[in-house]
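Read the structure below first, then the notes.
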Amino acid sequence: MEIKIMLAGALFLGGWLWAYLFLRQIFFNYTTAFPMIQKMNSLQEDLIAVGAKRYTVVSVVFCGVVAAAILAAVLVWCPLYIRIGFLAGAVVAVVLLIPRVSARNREMFDSFCNSYCRFVPDDELRTAMYNKKTGQMKARLKAMGIDGSFIPDFKEKK
């Protein structure tokens, strides 16, 4: 009995990790990456390279396939108590992640800038994105004659 409880607890952690690694990436792509790429493309065609969208699609497909394979393996080959532990961990992770996955969240916006700065052809904008300086990004976009209102304003913690 103790082994079953320990195994269910380990799979609870496994479910949490599964959701954090794969579902978080899929949520990030749909709530942050795709909308930001679309906003940048709507402002100017070559503001961000076409490869950014392909990169995001590959990420969604890869994470979806791996997540589905792991979920299928757990649901098919594991006993009920392990499935419950795994799914409970996944649900807890999703509940904790949902409010944080948005471009208005500083960590998600910084992740976008870190991942997608390589797709920006303009050197100054790419450097500002790499350094995660929203003020510099807005200033560069303004100098280029582009509205930078899609970049969120973050209040620094005091």
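Residues: numbered from 1 along the sequence shown.
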| field | Least distance between heavy atoms, Val94 atom then Ala19 atom | value | CG2-CB, 4.3 Å
| task | Using the six-membered ring wherever Trp is involved, compare the ring planes of Tyr30 and Phe34 and label them parallel, tilted or perpendicular (cut-offs 30° and 60°). | result | tilted
| Of the non-hydrogen atoms in Phe12 and Val92, which two are nearest, and what is the gap between them? | CZ-CG2, 4.0 Å
| Given side chains that start at C-beta, do those of Met40 and Leu141 come closer than 4.5 Å, heavy atoms only? | no
| field | Polar side-chain atom of Asn29 near backbone of Gln25 as donor-acceptor pair, under 3.5 Å | value | yes
| query | Side chain of Lys53, backbone of Ile37: donor and acceptor closer than 3.5 Å? | reply | no
| So if you build clusters from Ile, Leu, Val, Met, Phe, Trp, Tyr with side-chain heavy-atom gaps below 4.5 Å, do Phe22 and Val60 land together? | no
| field | Spacing of OG1 belonging to Thr32 relative to CZ belonging to Phe27, to within rounding of 0.5 Å | value | 12.0 Å
Just distance, no hydrogens or angles: give the donor-acceptor pairs under 3.5 Å from side chains in residues 61-83, sequence neighbours left out.
| residue | atom | partner | partner atom | Å |
| --- | --- | --- | --- | --- |
| Arg83 | NE | Leu75 | O | 3.1 |
| Arg83 | NE | Cys78 | O | 2.9 |
| Arg83 | NH2 | Cys78 | O | 3.0 |

| Aromatic plane relationship, Phe109 with Phe112 - under 30° parallel, 30 to 60° tilted, over 60° perpendicular | tilted
| message | To check you understand the geometry: which heavy-atom pair defines the closest contact between Tyr55 and Arg118, and what is its length? | response | OH-NH2, 3.1 Å
| request: Can you see which heavy atom on Pro152 is nearest to which on Ala103, and at what distance? | output: CG-O, 3.4 Å
| message | To the nearest 0.5 Å, what is the distance between CD on Gln136 and CE on Met129? | response | 13.0 Å
| query | Would you call Ile146 and Leu47 a side-chain contact if the rule is heavy atoms closer than 4.5 Å? | reply | yes
| field | Test log, rule side chain to side chain contact (heavy atoms under 4.5 Å, CB included), inputs Met108 and Thr31 | value | CA-CA 9 Å; Met108 290 295 118; Thr31 62; over 6 Å; no
